Amino acid sequence: MAEKIEDLKAKAEVLIEALPYIQRFNRRIIVVKYGGSAMLDEELKKSVIQDVTLLKLVGFKPIIVHGGGKEINKWVAKSGIEPVFINGLRKTDAETMEIAEMVLGRVGKSLVSMVEELGVRAVSISGKDGGLLRVKKKYSDGQDIGFVGEIQAVDPKILFDLLEKDFLPIVCPIGLDENFQTYNINADDAACAIASAVKAEKLAFLTDIEGVRRDPEDPATLISELTVSEAEELLQSGYVVGGMLPKLNNCIHAVNNGVSRVHILDGRLAHCLLLEIFTNKGIGTAILNDKEDRFYHE
C-alpha cells in the first residue's frame, strides 16, 4: 500500500511540474515536424500521436507537418522507376511526383484516423489547399532536379481557420508554383516556413538523434539549450555535420522569423514531445532567441 501511495505521489509531482508549462503555452500554436523512425515504427507512431493529442486537449494548438520520404521510395521502387541522382539528391520526375503526392496523402489520412480515434478532430491537407504553400522550382548547384519546390510564400489562413474551428491540421509538404504546377517540398523547410508564418510559440523537429551535440561523436555532449548566437557560433566551429547542418540552419531561420523556441528531439524515444515540453530539464536541444528566458535548470 505504501509503495502504491509513493507511485501516486510521483505521478502527482509530474503533473505539478507540467503545470507552469501548460499555463504558459495555453492557446499557443506549436508546430510538430513529424518524420524519421517515428513514422516507421507503429508503437512510436502511436506515442507521437498520443503526445500531440494530449497537447491539444490541455490547451495547445498543435499543427503536424509530416514527411514520408522512405514510404515514397518504397512505392517508387515498386513501380519499377529507376532513380536518378543529381548532387546526391533524387530527381523528382513527373511520375515520381505523382507517386509522392499519392503516398503523402495516404500518410496524412492515416494520421487523421489515429488522432480521431483518440477523440480529437483532425484534417489532412497539403500545401496546395487554400494556397498554403507557394513555391518556385528549386535547383541544385544550377542543375535541374525535377519537381522539387523552394517555398516563396505562405498563406496561413486555412490553418488559422482550422484551428479556430478546433481542428488539428495535418499538413503534407506539397505546393504550387505561379503556374499551378505541383512540387514536392523538403518537409523540414515546410515546417519551418509554416511555423514562421503562424508565429508559433514552438517548432519541434522529431529526428533520429538526441539533439545537438558539441562533439558529434559523443552523446554526453548533448546541449540542452542554445541561443541563436550560440548556434551560429557552433555552425562556424565546423563541429555540426551531415543532416544536422541544414536542420540547425532551419532552426535559426525559424527563430529569427518569429518562432519563440525550436526543439530538436529524438523521435525514437517514446513520448519525447511531452518529456521536452513539460519537464524542467527536457531531453533534446532547444534553440531560442537571445532575449528569451532560459528554462533549463540543473
Side-chain angles (χ1 to χ4, degrees), residues 22 25-72 100-133 154-176 184-185 187-206 259 263 265 267 270-274 276-278:
I22 294 173
F25 301 122
N26 186 44
R27 310 307 296 163
R28 302 293 181 87
I29 297 175
I30 174 171
V31 175
V32 178
K33 189 274 168 171
Y34 178 37
S37 297
M39 289 196 75
L40 303 176
D41 183 293
E42 285 303 314
E43 287 305 310
L44 285 176
K45 189 185 291 187
K46 192 180 297 183
S47 81
V48 169
I49 296 305
Q50 287 173 338
D51 285 8
V52 176
T53 304
L54 179 62
L55 291 176
K56 178 86 169 63
L57 292 171
V58 299
F60 285 67
K61 293 182 174 182
I63 298 168
I64 296 175
V65 178
H66 68 86
K70 291 180 181 178
E71 189 74 6
I72 292 168
E101 188 166 15
M102 288 190 292
V103 169
L104 288 169
R106 181 172 176 269
V107 169
K109 295 304 182 188
S110 73
L111 297 178
V112 166
S113 297
M114 295 178 75
V115 172
E116 295 267 356
E117 190 178 354
L118 294 172
V120 167
R121 297 188 303 169
V123 174
S124 171
I125 64 172
S126 81
K128 294 166 70 170
D129 294 305
L132 175 59
L133 298 176
V154 181
D155 182 351
K157 184 180 185 303
I158 189 171
L159 296 176
F160 289 135
D161 287 348
L162 289 170
L163 291 172
E164 185 182 342
K165 298 296 183 183
D166 208 32
F167 286 98
L168 194 164
I170 297 174
V171 185
C172 75
I174 290 175
L176 294 172
N184 198 10
I185 305 165
D188 283 2
D189 293 348
C192 179
I194 287 170
S196 299
V198 299
K199 295 293 185 280
E201 185 70 27
K202 290 177 178 290
L203 166 60
F205 288 100
L206 301 188
V259 179
H263 302 262
L265 307 176
H271 302 300
C272 60
L273 266 172
L274 300 186
E276 174 66 9
I277 292 172
F278 290 144

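Small disclaimer: the values here were computed from a predicted structure and weren't measured.
Lys199 meets the side-chain contact (heavy atoms from CB on, under 4.5 Å) test with no other residue; sequence neighbours excluded. By the side-chain contact (heavy atoms from CB on, under 4.5 Å) test, Glu42 pairs with Lys45, sequence neighbours left out. Qualifying salt bridge (Lys or Arg N to Asp or Glu O under 4.0 Å) partners for Asp161, counting only residues two or more places apart in sequence or in other chains: Lys157. With sequence neighbours left out, Asn184 forms a side-chain hydrogen bond (donor to acceptor under 3.5 Å, both in side chains) with no residue at all. With sequence neighbours left out, Ala204 forms a side-chain contact (heavy atoms from CB on, under 4.5 Å) with His263, Leu265, Leu273. Partners of Val123 according to the side-chain contact (heavy atoms from CB on, under 4.5 Å) rule, which considers only residues two or more places apart in sequence or in another chain, are Ile125, Leu162, Phe167. Evaluation of the salt bridge (Lys or Arg N to Asp or Glu O under 4.0 Å) rule for Lys109 yields no partner, not counting sequence neighbours. Among residues two or more places apart in sequence or in another chain, the side-chain hydrogen bond (donor to acceptor under 3.5 Å, both in side chains) test is passed with Asp188 by Lys33, Lys247.
Distance check: Glu276 CD to His271 NE2 gives 15.5 Å after rounding to the nearest 0.5 Å. Put simply, CD1 on Ile194 and CG on Asp189 are 11.0 Å apart, with the number rounded to the nearest 0.5 Å. One distance of note links CD1 of Ile158 with CG of Leu163; it measures 11.0 Å at 0.5 Å rounding. Here the straight-line distance linking atom CD1 of Ile29 with atom CZ of Phe160 works out to 5.0 Å at 0.5 Å rounding. A distance of 10.0 Å separates CG in Leu133 from CD1 in Ile174, rounded to the nearest 0.5 Å.
Side-chain contact check for Val154 versus Val198: every heavy-atom pair is 4.5 Å or farther apart. Side-chain contact between Val48 and Ile64 is absent, with no heavy atoms from C-beta onward closer than 4.5 Å. Between Leu104 and His66, some side-chain heavy-atom pair lies under the 4.5 Å cut-off. Contact of the Leu111 side chain with the Tyr34 side chain is registered, since non-hydrogen atoms from C-beta on lie closer than 4.5 Å. Side-chain contact between Val65 and Val31: present, with at least one pair of heavy atoms (C-beta onward) separated by less than 4.5 Å.
What you find for Ser126 and Leu132 is that their closest heavy atoms are O-CD2, 4.2 Å. Scanning both residues, Leu206 and Cys272, for their nearest heavy atoms gives CD2-SG, 3.7 Å. The nearest pair of heavy atoms linking Ala190 to Pro173 is CB-CB, 3.8 Å. In this structure, Ala187 and Gly67 approach most closely via the heavy-atom pair CB-CA, 3.9 Å. Between Leu44 and Ala270, the closest heavy-atom pair is CD2-N, 4.0 Å. Residue Ser196 comes nearest to Val259 through the heavy atom pair N-CG2, 3.8 Å, listed as atom of the first residue, atom of the second, then distance.
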Start with the C-alpha distance between Leu274 and Leu55, add both sets of side-chain angles, then the distance that settles side-chain contact (heavy atoms from CB on, under 4.5 Å), and finish with yes or no. CA-CA 8 Å; Leu274 300 186; Leu55 291 176; 4.3 Å; yes
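For residues 163-176, every residue pair satisfying the salt bridge (Lys or Arg N to Asp or Glu O under 4.0 Å) rule, not counting sequence neighbours, is listed here: Lys56-Asp166. Among pairs with a residue in residues 110-122, none fulfils salt bridge (Lys or Arg N to Asp or Glu O under 4.0 Å), at least two apart in sequence or across chains. The list of salt bridge (Lys or Arg N to Asp or Glu O under 4.0 Å) pairs with a residue in residues 123-132, not counting sequence neighbours, reads Glu101-Lys128.
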